[in-house]
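Notes to accompany the following structure.
Worth saying up front: this structure is predicted, and the values here are computed from it rather than measured. Numbers restart at 1 for each chain; the letters A, B, ... are given by sequence-line order, proteins then strands.
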Amino acid sequence: MDEMKILANAIVLGASALGAGAAMIAGIGPGIGEGYCGGKAVEAIARQPEASGAVTRTMIIGDAIAETTGIYALVVALLLLYANPIFGSLTSALEKFGG
Amino acid sequence: MSTALLMAADAGFTIQGPLVVASWEMFGMTWNLTESVIVQWIVIVLLAVLFIVLGSGLKVVPTTRRQALAELLVTFVIDMVDGSMGEKYKSYRPYVGMLIIYVVVCNLIGLLGLRSPTADVSVTATLAIITFVMTQYNRAKTGGVKGYFKAFVDPMPFMLPSNIIGEISNPVSMALRLFGNMVAGMVIGGLIYFALGSFMPPVVIPAIASLYFDIFSGVIQAYIFTMLTMSYISNAECE
């Protein structure tokens with residue numbers, strides 16, 4: 001019984017680490033989006049240097065919006081690593097199974 | 001062998017949530033007084049002292065450096081609010097000014113060794129809910145009851161569910177953005193100290209990482225939080 005518990009815990013630990021890594025693949029999206037946003041801002045400032053203040057402000061807001069999905073992925077990854085909700089259900093399932 | 005694996009996982013690097021200083025039972029719920037609340041009290045006292053010092057003994061023509069700094073801060077806030085919300089949102093200036101200064105100080109107080117209150121989702125969610133309430137208030141105030149509900153079926157009635165989801169996702173994304181950025185800085189800082197612990201004394205490298213993740217990210221995120229608050233409130237205005 002003890003060995004099975006350890007095995008189950010190990011599987012959940014490993015799968016959670018893999019899941020956290022896989023969740024962070026979402027970092028690609030914000031990376032592309034923010035890069036595009038920054039590039040366009042540089043173009044705009046090159047064309048109209050006097051508007052650089054307004055362009056930079058808008059760019060930062062756009063970056064923040066683009067970053068949202070990345071932050072969601074980060075929150076999921078952090079949950080899996082540090083506040084894993086799966087362990088709770090695993091413990092109750094093992095108790096039910098093992099009696 | 002499997003036990004060793006689990007023990008290794010236990011001994012490794014972990015991130016602690018905010019410490020619970022005290023907790024009590026009231027109205028059938030457990031109320032926790034956490035570290036974040038205590039640090040926020042410290043921030044509030046610091047800011048109160050700062051503003052009392054800055055705001056005392058003002059003259060029409062500034063003669064002291066203290067007053068010049070105070071005027072710089074006030075002008076910055078007024079320009080920011082007027083630039084993105086317009087002259088008619090004058091009454092939001094104190095809140096917006098408080099918000100940006102408070103969030104900047106909350107983000108940067110991590111540098112003093114305290115735990116940043118903004119690295120706690122309940123603090124950022126509180127700030128985001130205040131923004132949400134102000135957004136709804138502004139919509140109801142400018143549009144009346146009819147305009148308020150009409151905004152949800154705009155432009156077509158079948159858009160109602162997506163409008164409601166869009167409205168709720170604003171505070172969620174604001175809260176998680178600030179929280180995620182501050183926790184990411186904390187985790188990366190902790191990981192760098194953990195990784196350096198076995199090779200060399202933690203000098204130089206953590207400082208460089210902290211420059212970006214704590215200072216730059218903290219100031220930029222506070223600015224973004226404030227800008228988003230202002231744009232959500234002024235976008236909620238009904239025609």
Side-chain angles (χ1 to χ4, degrees), chain A residues 1-18 20-21 23-24 26-27 29-30 33-34 37-38 51-87 90-91 94, chain B residues 1-10 12-18 79-80 83-85 119-121 124-125 128 166 169-188 190-191 213 216-217 219-232 234-235:
Chain A
M1 196 55 224
D2 239 20
E3 272 175 14
M4 197 190 121
K5 258 183 197 167
I6 290 167
L7 185 65
N9 274 313
I11 289 173
V12 168
L13 267 180
S16 300
L18 282 177
M24 287 316 293
E34 287 180 24
C37 186
S52 66
V55 171
T56 311
R57 268 205 302 278
T58 318
M59 185 196 77
I60 287 174
I61 299 298
D63 275 355
I65 303 285
E67 207 182 33
T68 308
T69 50
I71 295 293
Y72 286 162
L74 177 72
V75 170
V76 169
L78 288 175
L79 272 180
L80 283 175
L81 288 178
Y82 299 117
N84 202 324
I86 306 169
F87 272 112
L90 176 76
T91 320
L94 279 177
Chain B
M1 197 189 83
S2 322
T3 335
L5 183 82
L6 281 180
M7 275 166 65
D10 271 349
F13 170 75
T14 52
I15 283 288
Q16 300 294 326
D79 284 350
M80 199 166 71
S84 55
M85 292 173 92
D120 180 354
V121 78
T124 59
S169 74
N170 283 346
V172 172
S173 70
M174 275 172 85
L176 288 183
R177 181 178 301 119
L178 186 54
F179 164 75
N181 273 287
M182 295 327 289
V183 168
M186 212 171 74
V187 170
I188 291 172
L191 278 175
F213 288 106
F216 178 73
S217 170
V219 174
I220 287 285
Q221 288 307 317
Y223 180 71
I224 285 171
F225 196 91
T226 316
M227 289 300 280
L228 285 178
T229 298
M230 287 191 293
S231 64
Y232 286 150
S234 55
N235 284 344

Minimal non-hydrogen separation, I71(A) against G180(B), with atom names: CG2-CA, 4.1 Å
Given side chains that start at C-beta, do those of Y72(A) and V172(B) come closer than 4.5 Å, heavy atoms only? yes
Distance col, row I224(B):CD1 vs I61(A):CD1, nearest 0.5 angstrom, shows 6.0 Å
Bottom line for I65(A): the part with an atom under 4.5 Å from chain B's heavy atoms is both
Please state whether the side chain, the backbone, both or neither of Y223(B) comes within less than 4.5 Å of a heavy atom of chain A. side chain
Test your reading of the model: is there a side-chain donor-acceptor pair from R177(B) to the backbone of E67(A), 3.5 Å cut-off? no
Contacting moiety of I60(A), where chain B heavy atoms sit under 4.5 Å: both
Interatomic distance, CG@L78(A) vs CZ@F179(B), rounded to 0.5 Å, equals 6.5 Å
Does D63(A) reach the side chain of I220(B), with side-chain heavy atoms less than 4.5 Å apart? no
